[in-house]
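Hydrogens, waters and symmetry mates play no part in the numbers below; they use all other heavy atoms, side chains included. Indexing begins at 1, ligand by ligand and atom by atom, following the structure's order.
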Amino acid sequence: MIDARKFFIGGKWVDPINGTDRHVIDSATEDPIATISLGGSADADAAVAAAKSAFPSWSVSTREERLGLLEEILAIYRRRRSELADAVTNEMGAPTDLSNGLHTALGEIHIEAFIEVLKNFDFGHALRPDRRRDHILYEPIGVCALITPWNWPLNQMLLKVLPAMATGCTSVLKPSEEAPLSALIIAEIFDEAGVPAGVFNLVNGDGAGVGNCLTAHPDVDLVSFTGSTRAGVAITKNAADTVKRVSLELGGKGANIIFADAVENAVKAGARRCFNNSGQTCIAPTRMLVERSRYDQAVKEATEVAESLSVDLPQKSGAHIGPVVNASQFDRIQNYIDIGIQEGANLTAGGPGRPDGHNRGYFVKPTVFADCTTDMTIVKEEIFGPVLTMMPFDTEEDAIAFANDTPFGLANYIQTSDGVRANRVARALRSGMVEINNEVRAPGSPFGGYKQSGNGREGGTWGFEEFLEVKSVTGWFSDEV
Ligand SMILES: NC(=O)c1ccc[n+]([C@@H]2O[C@H](COP(=O)([O-])OP(=O)(O)OC[C@H]3O[C@@H](n4cnc5c(N)ncnc54)[C@H](O)[C@@H]3O)[C@@H](O)[C@H]2O)c1
């Protein structure tokens, strides 16, 4: 059993002041694998105090100093990448090929991308050529509370801790209590890289404890949160009294609009994408909308994908999916599958209970519901498991209306070989991201949602601006002064 009870505060690994022990569970065996501490208010206060005292010097550090640190972090991250992958596999059940692949690759890509942003970011410039004494400065906002979920842990942490550091902010990270192990390695990497004391701090805890303390804390200037819409709303209310900035990356219910002229493997690729990471992806294309002439064939293909996808131990190599993260997610998904059946959706693959060969662990069968309607609970709510819903459409207008008929607006998908139509539909979709024909977003492109999927943007210059205040100075003397 790993003892992971310490926190990283003020450049040191310290014992909790008023923590409570909690086990991290292997979701494949249901056995405890590590003990962490859930911090209390004294721990959150200590971390915020360390971040606050580091801010005056870090906020005026040079671009070169920050770049040097990020380069060092990148080198150590690469060296420790397989350890990070093991931690992700153990803490949230991603199969080893996935954690050695996309989970850890995303982290590396983000470090590289933020290095590029920092090299080029303009922290001060004249308003306009004709108003050279009107000067605009971009300054770090201050102490940032960074609260992250468990489903893509490295991706979500690094999209916050790196731009915070690169813009001159100081931060307190509270990773998910479900998946805290990779975060501890990130803290070790920052420590080894020489991040100055207090610039980055880590306290484990849950939402009701450390989460609440950080979001209400008078010395925290910004909360950057990724997680459920439920928690995002609670955090926003809790932060309101101190008027701090709150940046939210929340849930999703992505539509995948498949027109009849889409490439042959569009349906299969869409179904695989929905099941990847056991369906625990905020941008998963979980609502497949298929043009009627292709619909019956599409249901067959998606069903085949679900039936041929194996569900197996995360520690095994292969393209299978692993368990979902914990018992409450397992129960939640099972409940949605029951509701889908009760509400009359056509179950064509998967269904309730564990897959054959598993009598323990939080394994869920890849499940397909065809002939869904927009009023069904499984179409409206985020399930966060390997469950695909399918429905036919007749016209482009119907497809757009179905796709937009949700309180979420994170990522939507279009499959067609008609470029004019693709662009037209992309404009009509109310979401922060639209992917046409599975074209992957470039590193440094903005990630975030419309509507109840959030109000922030992560990545690239947009991700930087979240951590910056804008100062307007008039009467500015030219930089030669
Ligand atoms: N939009 C995105 O970028 C994005 C990315 C990944 C995941 N998500 C969403 O995250 C959710 C899954 O993650 P989860 O189950 O860990 O979410 P969650 O909201 O339960 O928890 C996320 C984090 O918030 C903390 N937290 C919970 N309640 C809190 C409160 N009241 N105050 C402060 N902190 C609190 C948790 O301890 C955890 O660290 C899904 O809804 C998914 O769509 C969104």
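Summary of contacts: the protein heavy atom closest to atom 6 (C) of ligand 1 is Gln156 NE2, 2.7 Å. Nearest protein heavy-atom neighbour of atom 8 (N) of ligand 1: Cys282 CB, 3.6 Å. Given atom 37 (O) of ligand 1, the protein heavy atom at minimum distance is Glu177 OE1, 2.7 Å. Nearest non-hydrogen protein atom to atom 24 (O) of ligand 1 is Phe225 CE1, 3.0 Å. The closest protein non-hydrogen atom to atom 41 (O) of ligand 1 is Glu382 OE1, 2.7 Å. The protein atom (non-hydrogen) at minimum distance from atom 19 (O) of ligand 1 is Ser228 OG, 2.6 Å. The nearest protein atom to atom 29 (C) of ligand 1, hydrogens excluded, is given as Gly207 CA, 3.4 Å; this is a heavy-atom distance. The protein heavy-atom contact nearest to atom 9 (C) of ligand 1 is Gly227 O, 3.1 Å.
Comparing Thr148, Asn212, Ile283 by heavy-atom distance to atom 38 (C) of ligand 1, the nearest is Thr148. Among Phe384, Trp152, Trp150, Phe408, the residue whose heavy atom sits closest to atom 15 (O) of ligand 1 is Trp150.
Under a 4.0 Å heavy-atom criterion, Glu458 is not in contact with ligand 1. The closest approach between a heavy atom of Gly454 and any atom of ligand 1 is not below 4.0 Å.
Within the 4.0 Å heavy-atom criterion, the part of Leu250 lying near ligand 1 is the backbone and not the side chain. Residue Glu178 does not touch ligand 1, judged by heavy-atom distances below 4.0 Å. When heavy-atom distances to ligand 1 are checked against a 4.0 Å cut-off, Thr226 comes that close through both its backbone and its side chain.
When only modelled atom types and interatomic distance are considered, Ser247 and Glu466 share a side-chain donor-acceptor pair under 3.5 Å. No hydrogens or angles considered: nothing links the side chains of Tyr362 and Gln329 as a donor-acceptor pair under 3.5 Å. Side-chain atoms of Ser99 and Thr89 include a donor-acceptor pair closer than 3.5 Å.
Below 4.0 Å from some heavy atom of Phe447 lie the following atoms of ligand 1, by number and element: 2 (C), 3 (O). Shown in contact with Leu410 at under 4.0 Å from a heavy atom are these atoms of ligand 1, numbered in order with element: 1 (N). Contact atoms of ligand 1 toward Asn151: 6 (C), 7 (C) (distance under 4.0 Å to a heavy atom of the residue). Atoms of ligand 1 found under 4.0 Å from any heavy atom of Ser176, numbered from 1 in the order shown, are 39 (O).
Ring planes of Phe363 and His358: parallel class, angle under 30° (limits at 30 and 60°). Note: Phe8 and Trp13 have tilted aromatic rings, judged against thresholds of 30 and 60 degrees for the angle between ring planes.
With respect to the salt-bridge test (charged N to carboxylate O, under 4.0 angstrom), the residues Glu382 and Arg230 do not qualify. The pair Glu458-Lys160 meets the salt-bridge criterion, since a charged nitrogen lies less than 4.0 angstrom from a carboxylate oxygen. A salt bridge links Glu469 to Arg245: one of the charged nitrogens lies within less than 4.0 Å of a carboxylate oxygen. Glu343 and Lys380 are not joined by a salt bridge, as no carboxylate oxygen comes within less than 4.0 angstrom of a charged side-chain nitrogen. Ion pairing between a basic and an acidic side chain is recognised when a charged N comes within 4.0 Å of a carboxylate O; Asp15 and Arg5 show no such pairing. Between Asp31 and Arg360, at least one side-chain nitrogen of the basic residue sits less than 4.0 Å from a carboxylate oxygen of the acidic one, meeting the salt-bridge criterion.
Geometric assessment of Arg354 against the ring of Phe330 yields a positive cation-pi assignment under the 6.0 Å and 45° thresholds.
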